*Asks:* 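I'd like to ask you about the structure that follows.
Each chain gets a letter, A, B and so on, in the order the sequences are listed, and its residues count up from 1. Everything numeric here is computed off the predicted structure, so don't read it as measured data.
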Amino acid sequence: MATVDWADELAASVEGPQVVNDSKTPSGTVHVGSLRGPVILDVITRALRARGLETTLLYGVDDLDPMDAQALLSPDAIEREMGRPLAHVPDPHGDCHASYARHFAGIFIDTFDGLGIRPDRYYWMSDIYPTGQMDPFIKTALDKAPIVREAYRRVANVRHPDHWLPVGVICPSCGKVGTTIASDWDGATVYVECKPDLVVWAHGCGWSGRVAPFGGAAKLPWNLEWAAQWSLFGVTIEPNGKDLATAGGSRDRSEAISREVFEREPPLNFAYEFLNIGGKKMSTSKGRGAAAHTIGSVVPPEQLRFLFVRNRPETVIEFDPEGTDAIPRLFDEFDRIAAATAGREVRGELPSGHENIFRFSLLDAKADAQAAAGAFRPPFGHLALLAQIPGVDAAAKAGAEKGSPLTAAEAAELETRLAAVRRWLEAYAPDKARLEIHRDAIPAEAAALDGNQRAFLAALAAAAPAGSADKPANGDAWQAAIFAVAADHGLDARAAFNALYLAFIGRTSGPRAGWLLAGLDHDFVLQRLRTAGATAA
RNA sequence: GGGCCCGUAGCUCAGCGGUAGAGCAGGGGACUUUUAAUCCUCUGGUCCUGGGUUCGAAUCCCAGCGGGCCCA
């Protein structure tokens, strides 16, 4: 059982052309956890295509849904805009977009794009309704209103009054959709009332009259709209988040309506879990949005895909980057899978689908996975050290480690990782990952130095006189000097390095000492070596 | 009150009917040059609990308990 067999199994279980769909209401920003669904859809699409099935990936923007998040509006806009279709609410961030919906949808479309998720088509419900494509579904829903009410009652235990009709008319007077109630379908028009008190979060204007609910004048309620999308686009596969999978919840309702009202078998479904941060679901409204946003800036796209791809969809992913090594480990595991995919020998067992995991983690679906897997990737932990040592040329160092110049792609990857490392050090890294040079005073821990170690430090200072031509010029030279002087004093390498770390950073281990010393001000180094070497034991 | 998912090593997770696994963490060792690197090695699990099915159960079924998300 490979870890990503869920995608291959799904692909193997269907025949013929496939239409994969997802949709989202653009009511605010997306957080990292909500990207799991789109990644899963993308992976399914790739698996279907790998099997040779003609597959279309659709992504819908449900932008005629009513505005109901007043936190994102200015106070004077709340009364005016709450309840209007998102597509008709002005962009709160000035005039960079045509509407509130376009602004926030644009953000998540850009995010998807950055993750290599490229739906064949984005459709906007605010564009679809005016074309009349939804009209047959609206008419059917109205003609079968008793069946709709019965389905709601039976599936969701929601009892609508007998005059209730499954349509949301946009008020011709105030433009709100969340405040209207329709009744008396006569085959061409419905009677509409825009009520001040239908919902608590928005207030209607009180208008009433007859409206023909077609051509964009009205929208279907969410459950019916979802079912209508399945019919309109011929959707065959649509997983959804587990939040919709509850008995009598959205999915159940829409499936019942699809069967009973639109007379179509609903698409293949499975529910996927979320991404928890520190044991809690990510939520902008619960104050975890900031963490979510930061994670996106620390974990690059390939590793983010990897995070979602390597776990089965029905398992919760626990990800707790705060003060932990979760992020470095994510990179390390990615690199291990990459190395294995490239055919290199790797420690430990591998998930049997590791080549798929790697391939599905790549942004470019058509990339040569073998070539990509073979690329040089500097270990995250190593970069975290280099980034903290002054004066280190990480690119040169990486090239030296690789043994040949970096390719353009590898250089770009290095830059990506360096940026990630810096953000990680700022936002998440545990204290032990942070390197602090004790500049002002010798660390208290240096009291643990024994006589041999002190003698070694003093001798090292003497061997590297300030200002002279033979001052160690670089990390290699320092490293050589350290080994030579240690040997003279009969000190093994471990004790010698321990002494240096204690004297400079107050720990018994640290980054490669030669480069550490080479990166520091030379006079300071000599002074510290003498001080540590001279302190009475 | 109801639904769904998950409880496997300290942590994150594989395994999903045939002798309990990996990574990381932890212990020990090697290293005259990647010293927070690398390599070797070890430790560590009543597979949540209790029943049942089976020649055989972490795996299937039932019931609890615990956690999470959602719907009421």
*Asks:* Below 30° counts as parallel, above 60° as perpendicular, anything between as tilted: where do the rings of A:Phe497 and A:Phe483 land?
*Replies:*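 Geometry flag for A:Phe483 against A:Phe497: perpendicular rings.
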*Asks:* Are any of the side-chain heavy atoms of A:His354 and A:Arg336 separated by less than 4.5 Å?
*Replies:*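 Side chain of A:His354 against side chain of A:Arg336, heavy atoms only: no contact under 4.5 Å found.
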*Asks:* Relative to the ring of A:Trp226, is the ring of A:Trp230 parallel (under 30°), tilted (30 to 60°) or perpendicular (over 60°)?
*Replies:* tilted
*Asks:* Can you tell me how the ring of A:His522 sits relative to the ring of A:Trp478, calling it parallel under 30°, perpendicular over 60° and tilted otherwise?
*Replies:* tilted
*Asks:* Mind checking the P distance from B:rG56 to B:rU19? Whole angstroms is fine.
*Replies:*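 Straight-line distance between the two P atoms is 15 Å.
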*Asks:* If you measure from the C1' atom in B:rU54 to the same atom in B:rC13, how many Å do you get, rounded?
*Replies:*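 Taking atom C1' in both B:rU54 and B:rC13, they lie 29 Å apart.
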*Asks:* What are the atom names and distances for every N/O pair under 3.5 Å that joins the protein to nucleotides 39-43 of chain B?
*Replies:*
{"residue": "B:rC40", "atom": "OP2", "partner": "A:Arg347", "partner atom": "NH1", "Å": "3.2"}

*Asks:* Rounded to whole Å, how long is the line connecting atom CD1 of A:Ile327 with atom P of B:rC24?
*Replies:*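 One finds 18 Å between P of B:rC24 and CD1 of A:Ile327, rounded.
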*Asks:* Taking B:rG27 as the reference, what is the distance to B:rU43 when you measure between their P atoms (whole Å, please)?
*Replies:* 15 Å
*Asks:* Checking A:Asn223 against A:Tyr152: is there a side-chain donor and acceptor pair closer than 3.5 Å?
*Replies:*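 Judged by distance alone, the side chains do pair up.
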*Asks:* What is the distance from CG of A:Asp325 to P of B:rG23, rounded to the nearest Å?
*Replies:* 15 Å
*Asks:* Would A:Phe483 count as stacked on B:rU33 if the rule is ring centres under 5.5 Å and plane angle under 30°?
*Replies:*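 Here the ring of A:Phe483 and the base of B:rU33 are stacked, with centres under 5.5 Å and planes under 30°.
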*Asks:* How many whole angstroms separate atom CG of A:Asp332 from atom P of B:rU38?
*Replies:* 8 Å
*Asks:* Taking for each residue the nucleotide of RNA chain B with the nearest heavy atom, is it A:Ala513 or A:Val158 whose nucleotide lies nearer the 5' end?
*Replies:* A:Ala513
*Asks:* Given the P atoms of B:rC4 and B:rG64, what is the spacing between them in whole Å?
*Replies:*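 Roughly 13 Å separates the two P atoms.
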*Asks:* Would you check if there is a donor-acceptor pair between the side chains of A:Glu273 and A:Asn311 at a distance under 3.5 Å?
*Replies:* no
*Asks:* Could you identify the nucleotide paired to B:rU38, looking across every strand shown and requiring Watson-Crick or G-U wobble geometry with both distances under 3.5 Å?
*Replies:* B:rA30
*Asks:* Round to a whole Å and report the spacing from CZ of A:Phe331 to P of B:rC24.
*Replies:*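 Distance check: A:Phe331 CZ to B:rC24 P gives 17 Å.
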*Asks:* Could you identify the nucleotide paired to B:rC4, looking across every strand shown and requiring Watson-Crick or G-U wobble geometry with both distances under 3.5 Å?
*Replies:* B:rG68
*Asks:* Treat primed atoms plus P, OP1 and OP2 as sugar-phosphate and everything else as base, then score nucleotides 3-13 of chain B 5' to 3': B for base contact with protein heavy atoms under 4.0 Å, S for sugar-phosphate contact only, - for none.
*Replies:* BBSS----BSS
*Asks:* Less than 4.5 Å apart, any side-chain heavy atom of A:Phe308 and any of A:Ile40?
*Replies:*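 The answer is no; the side chains never approach within 4.5 Å.
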*Asks:* Counting side-chain heavy atoms from CB outward, which of B:rA22, B:rA72, B:rU33 is closest to A:Arg253?
*Replies:* B:rA72
*Asks:* I'd like the P distance from B:rC5 over to B:rC62, given in whole Å.
*Replies:*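 It works out to 11 Å between them.
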*Asks:* What is the distance from CZ of A:Arg377 to P of B:rU34, rounded to the nearest Å?
*Replies:* 23 Å
*Asks:* Between atom CG in A:Asp252 and atom P in B:rG2, what is the gap in whole Å?
*Replies:* 17 Å
*Asks:* Expressed in angstrom and rounded to an integer, what is the separation of A:Phe497 atom CZ from B:rC31 atom P?
*Replies:* 14 Å
*Asks:* Find the partner of B:rC16: check Watson-Crick (N1-N3 plus N6-O4 or O6-N4) and G-U wobble (N1-O2, O6-N3) distances, both under 3.5 Å, and reply none if neither fits.
*Replies:* none
*Asks:* Taking only the C1' atom of each, what is the distance from B:rG15 to B:rU59 in whole angstrom?
*Replies:* 9 Å
*Asks:* Under a 3.5 Å threshold, yes or no: a donor from one side chain and an acceptor from the other, between A:Arg305 and A:Ser361?
*Replies:*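 No - no donor-acceptor pair under 3.5 Å links their side chains.
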*Asks:* Between B:rC69 and B:rU53, how far apart are the two P atoms, rounded to whole Å?
*Replies:* 37 Å
*Asks:* Using the C1' atoms only, state how far B:rU38 lies from B:rG10, rounded to an integer number of Å.
*Replies:*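 Pairwise C1' distance, B:rG10 against B:rU38, rounds to 25 Å.
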*Asks:* With both distances under 3.5 angstrom, what nucleotide forms a Watson-Crick or G-U wobble pair with B:rC11?
*Replies:*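 Its partner is B:rG23.
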*Asks:* Any idea how A:Phe112 and A:Phe108 line up, ring-wise: parallel (<30°), tilted (30 to 60°), or perpendicular (>60°)?
*Replies:*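 If you compare the ring of A:Phe112 with that of A:Phe108, the planes turn out tilted.
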*Asks:* Within the 4.0 Å heavy-atom criterion, would you say A:Asn498 contacts the bases, only the backbone, or no part of the nucleic acid?
*Replies:*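 Nothing, no heavy atom under 4.0 Å.
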*Asks:* Decide, yes or no, whether a salt bridge links A:Arg422 with A:Glu426 under the criterion of side-chain N to carboxylate O below 4.0 Å.
*Replies:*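 The answer is no: the pair does not qualify as a salt bridge.
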*Asks:* Does B:rG44 have a Watson-Crick or wobble mate here (both distances under 3.5 Å), and if so which one?
*Replies:* none
*Asks:* Does the salt bridge (charged side-chain N to carboxylate O under 4.0 Å, His left out) test come out yes or no for A:Arg46 and A:Asp8, once each step is laid out?
*Replies:* CA-CA 10 Å; A:Arg46 291 189 191 187; A:Asp8 292 330; over 6 Å; no
*Asks:* How many Å lie between CZ on A:Phe274 and C1' on B:rG67, as a whole number?
*Replies:*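 Result: 16 Å.
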*Asks:* Could you check A:Ala156 against A:Ala487 and say which one's nearest nucleotide on RNA chain B is further toward the 5' end?
*Replies:*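 Going by which nucleotide is closer to the 5' end, it is A:Ala487.
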